[in-house]
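When reading the values below, keep in mind they use all heavy atoms of this one structure, side chains included, and skip hydrogens, waters and symmetry mates. Atoms within each ligand, like the ligands themselves, are counted from 1 in listed order.
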Amino acid sequence: MKFENIPFNIPTVFEKDFKKNFSKLRKNNKYSSVGYFSNKCEKWLKKNINAKSALLTNSCTSALEMCALLLDLKKDDEIIMPSFTFVSTANAFVLRGAKPVFVDINNRDLNIDSNKIEKAITKKTKAIVVIHYAGISCDIKKIKSIAKKNKIFLIEDAAHSIFSYYEKKPLGSFGDLSTFSFHDTKNIHCGEGGALIINNKSLIEKSKIIRDKGTNRDKFLNNMVKKYTWVDIGSSYGLSEINACFLYSQLVHCERIIKERVRIFKKYYKIFSNYKNFQLPSICKKKKINGHIFYLIVKNNRKLFMDFLKKNGIQTTFHYVPLHNSKAGKRYTKGNNLKNTEKLAKLVVRFPIFYNKKYFRENYFNKINSLISIYLKKYK
Ligand SMILES: *Cc1c(COP(=O)(O)O)cnc(C)c1O
């Protein structure tokens, strides 16, 4: 078969399952937040992430904002996190008047450097927020013990990390709170959506109130009060039943999606490990991956490499612009000595990876292999 140009991402749709579930949705005639499908999804998440409680939200961004509300932050409270992350990780806390304090990433897996966290803790520190970049766990066990020792909260922004593990424990099960994303760029999606995982029992009741506009509607739906009313601050963070119906049609295929993505990840890994010119993501037995992102660290001249691939039909991307260098980041955050962040963020290249029967066959990987040889001969 001829090699076809490959886009960076094609969102997966399980059309048959969605159609079947959609007729059920029509019968239920319930489209707004909290119903048959959201209950199904939440039960699934609770079980598979081994969580005390799981709430669907309309995005991971919303789930992060709920975290910030749950921590009851005061102005100038400090939240430790990496600068190499998506905007929402920091923005959610800035909205509540808190200050993100950035700690550098390590050179091996681009996750927050656990050796540098304690130095950044002050009397004002309320929480550590980690991400597991590319679905590869950060040093989560050690970071959990640092949080415990210093009596501060641990939050996992697990947007990349559904069905990844650290020492056989699912990511998202370590933090007091954890967040997932079901945006259509992620492994499992429903257009836009997310989840808040609550592992700290004392935060469960309040999280339901925050998700539902500051009301005790959850108690009403469970026949615990006669009518519901405004009891605290909150917002409208729930996921509609339409999205939950789509999401459930994906969750049931979770294992299949992840297996295929991991296969693709490993294929790339094997090809690129033949060349000294690229640094590969560091993976080890302790960390089971989910194939969310396959990335390389190039030695230099990322643009030249990406342009060459694009000319040859392979669409790659990069991210993140470190938050401390962004316009808002300069205004609202602090952190210094972010040497690895500055250096590595300029050298990351991400390759296509998605669940789709048409792409990622032998001819694709052969093409990648030969292109790399050509590139290195030409530009070395
Ligand atoms: C995608 C992503 C988010 C935001 O997810 P949404 O569901 O789009 O709000 C937050 N954090 C990280 C690390 C992400 O990759």
For the residue pair L69 and I233, establish whether any side-chain heavy-atom pair is separated by less than 4.5 Å. yes
Pairing of E342 and K339 as salt bridge, 4.0 angstrom limit: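 Looking at K339 together with E342, the answer is no, because their closest N to O distance does not fall below 4.0 Å.
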Any carboxylate oxygen within less than 4.0 angstrom of a Lys/Arg side-chain nitrogen, looking at E260 and R256?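 Here E260 does not pair with R256 in a salt bridge, since their nearest N and O are not under 4.0 Å apart.
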Output the distance between atom CZ (F365) and atom CD (E362), rounded to the nearest 0.5 Å.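 Rounded to the nearest 0.5 Å, the CZ-CD separation comes out at 7.5 Å.
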When the ring planes of F180 and F182 are compared, do they come out parallel, tilted or perpendicular, using 30° and 60° as the limits? parallel
Can you pull every nitrogen or oxygen pair between ligand 1 and the protein closer than 3.5 angstrom?
residue  : atom   : partner : partner atom : Å
ligand 1 : 5 (O)  : S181    : OG           : 3.3
ligand 1 : 7 (O)  : C60     : N            : 2.9
ligand 1 : 7 (O)  : S181    : OG           : 2.7
ligand 1 : 9 (O)  : C60     : N            : 3.3
ligand 1 : 9 (O)  : T61     : N            : 2.8
ligand 1 : 9 (O)  : T61     : OG1          : 2.5
ligand 1 : 11 (N) : D157    : OD1          : 3.4
ligand 1 : 11 (N) : D157    : OD2          : 2.7
ligand 1 : 15 (O) : H160    : NE2          : 2.8
ligand 1 : 15 (O) : K186    : NZ           : 3.3

For side chain to side chain contact (heavy atoms under 4.5 Å, CB included), just list the numbers for Y133 and V348, CA-CA rounded to whole Å, side-chain angles, deciding distance to a tenth of an Å, and then say yes or no. CA-CA 12 Å; Y133 182 68; V348 174; 3.9 Å; yes
